[in-house]
2 protein chains.
Amino acid sequence: MKETSRDRLISAASRLFQLQGYHGTGLNHILKESGAPKGSLYYYFPDGKEQLAVESVRMTAEHVRERIKQGLDQKTDAIEAIQGFIEKMAEQYQNDDSQEGVPIAAVALETALFNEPIREACQSGYESFQQVFTEKLLQSGFDESRARELGVVINSMIEGAFLLSFTKGNNEPLLLAAKNIPALLK
Amino acid sequence: MKETSRDRLISAASRLFQLQGYHGTGLNHILKESGAPKGSLYYYFPDGKEQLAVESVRMTAEHVRERIKQGLDQKTDAIEAIQGFIEKMAEQYQNDDSQEGVPIAAVALETALFNEPIREACQSGYESFQQVFTEKLLQSGFDESRARELGVVINSMIEGAFLLSFTKGNNEPLLLAAKNIPALLK
DNA sequence: GTCTATAAGCGGATAGAC
DNA sequence: GTCTATCCGCTTATAGAC
């Protein structure tokens with residue numbers, strides 16, 4: 001089970017892009033944190049920073065999607081499951097003392113208008129989250145179009161609450177989002 | 001009614017920070033767009049880019065707050081008013097062909113962990129938005145604690161939907177947020 | 001394939017002329 | 001007060017040794 005230079009570069013990039021955004025994170029910083037030498041960056045990612053960002057966003061998205069899925073599996077009822085998942089996120093956020101950023105969002109906002117490959121990666125990530133919520137709702141008996149619609153809405157709610165919690169430095173918006181999920185899904 | 005170099009610098013900075021974020025926007029770019037020379041930037045903003053960002057965020061926030069207020073004044077009932085406001089935003093977004101960014105969010109995400117003055121400005125901005133929603137709810141008879149709570153939740157919902165719409169390049173998330181506002185406020 | 005040394009350019013900031 | 005010329009550091013990217 002060897003961890004290659006490539007993997008460590010992506011991990012470091014994911015972390016730093018989340019904390020400081022795309023333009024706020026220099027390649028040198030990523031190299032230092034990953035321990036990889038500069039040469040291998042351009043060996044593994046011939047298209048440079050852009051490619052590294054695309055693959056980092058993909059990895060982050062996959063990771064987050066798994067966490068959502070696992071979170072929702074804790075309860076059978078969709079409403080309780082989603083509410084519980086958001087509460088867990090709020091808890092984790094408080095404990096980490098906010099040493100994690102908001103996944104994807106910073107990169108998406110900085111690049112959406114100017115860098116199509118990165119924008120697409122971010123969009124795919126968001127759609128994969130939404131898909132997980134929609135599936136859970138389907139399993140709980142929501143009809144298809146309603147489940148799809150609510151997948152988007154729940155995703156919006158969580159992203160917004162996360163953004164506000166991150167900016168304020170406390171988890172109140174996440175907790176309130178969780179609390180109001182039942183009303184939204186009735 | 002003279003428009004000073006200072007005003008033009010703040011306007012240009014606000015616009016560019018919204019589109020590309022804090023680190024993605026260089027002072028040279030701001031100077032070029034504003035037409036002001038570099039010297040006067042440091043004359044008006046001795047603390048440089050950071051100060052310019054703080055004041056830009058304040059200006060943007062004030063501007064957005066006014067738009068929210070005006071939007072909510074269109075209807076007396078809070079639920080209809082908020083729903084209508086979000087729909088209007090969605091419409092404008094589509095027409096502008098997305099030549100506007102998501103106010104404040106990019107700057108907030110990039111800087112929240114590392115630059116306290118900017119973070120504070122963003123937080124104040126968000127709180128001022130939330131305040132407007134809360135006031136409208138109070139006027140419609142919601143009790144105080146519930147109105148405050150929902151102010152935060154509505155703010156989260158809108159910010160998240162805006163972020164997703166911006167990333168996807170279409171206004172569906174905003175439209176769905178609007179559609180589901182009544183359920184949330186029942 | 002893995003890595004180092006270096007290039008070329010842009011970043012924010014400043015000094016000092018007028 | 002208003003502006004220009006310039007500085008240093010850090011950016012991304014590359015050339016080429018091993």
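FYI, side chains are in, hydrogens and waters are out, and symmetry mates aren't considered; it's all heavy atoms of this structure. Lettering of chains follows the sequences in order, A, B, ..., and the numbering in each one begins at 1. A quick note: this is a predicted structure, and the numbers were derived from the prediction, not measured.
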Please pick, from [options], the nucleotide with the shortest atom-to-atom distance to any side-chain atom of [X].
| X | options | value |
| --- | --- | --- |
| A:Y44 | C:dT2, C:dA13, C:dT4 | C:dT2 |
| B:Y42 | C:dC3, C:dT14, D:dT2 | C:dT14 |
| B:K38 | D:dT2, C:dC3, D:dA5 | D:dA5 |
| A:N28 | D:dT12, C:dT2, D:dC3 | D:dT12 |

Just how far, in rounded Å, is [atom2] of [N] from [atom1] of [X]?
| X | N | atom1 | atom2 | answer |
| --- | --- | --- | --- | --- |
| A:D47 | D:dA13 | CG | P | 9 Å |
| B:F45 | D:dT2 | CZ | C1' | 15 Å |
| B:L31 | D:dC3 | CG | P | 12 Å |
| B:L9 | D:dT2 | CG | C1' | 13 Å |
| A:L41 | C:dT4 | CG | P | 13 Å |
| A:I30 | D:dA13 | CD1 | C1' | 14 Å |
| A:Q51 | D:dA13 | CD | P | 11 Å |
| B:R8 | D:dT2 | CZ | P | 11 Å |

Side-chain heavy-atom pair B:Y22, B:K49 within 4.5 angstrom cut-off: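 B:Y22 vs B:K49: side chains touch.
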Transitive ILVMFWY side-chain link A:L150 to B:L175, under 4.5 Å: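 Different clusters: A:L150 never reaches B:L175 through Ile, Leu, Val, Met, Phe, Trp or Tyr contacts under 4.5 Å.
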Comparing B:K49 and B:G39 on DNA chain C - which has the more 5′ nearest nucleotide: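 Whichever sits nearer the 5' end wins; that is B:K49.
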Lys/Arg N to Asp/Glu carboxylate O, A:R6 vs A:E55, below 4.0 Å: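 Yes, charged N to carboxylate O under 4.0 Å.
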B:R148, CZ atom: more than 12 neighbouring heavy atoms under 6.0 Å: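 No, because the 6.0 Å sphere around CZ of B:R148 holds 12 heavy atoms or fewer from other groups.
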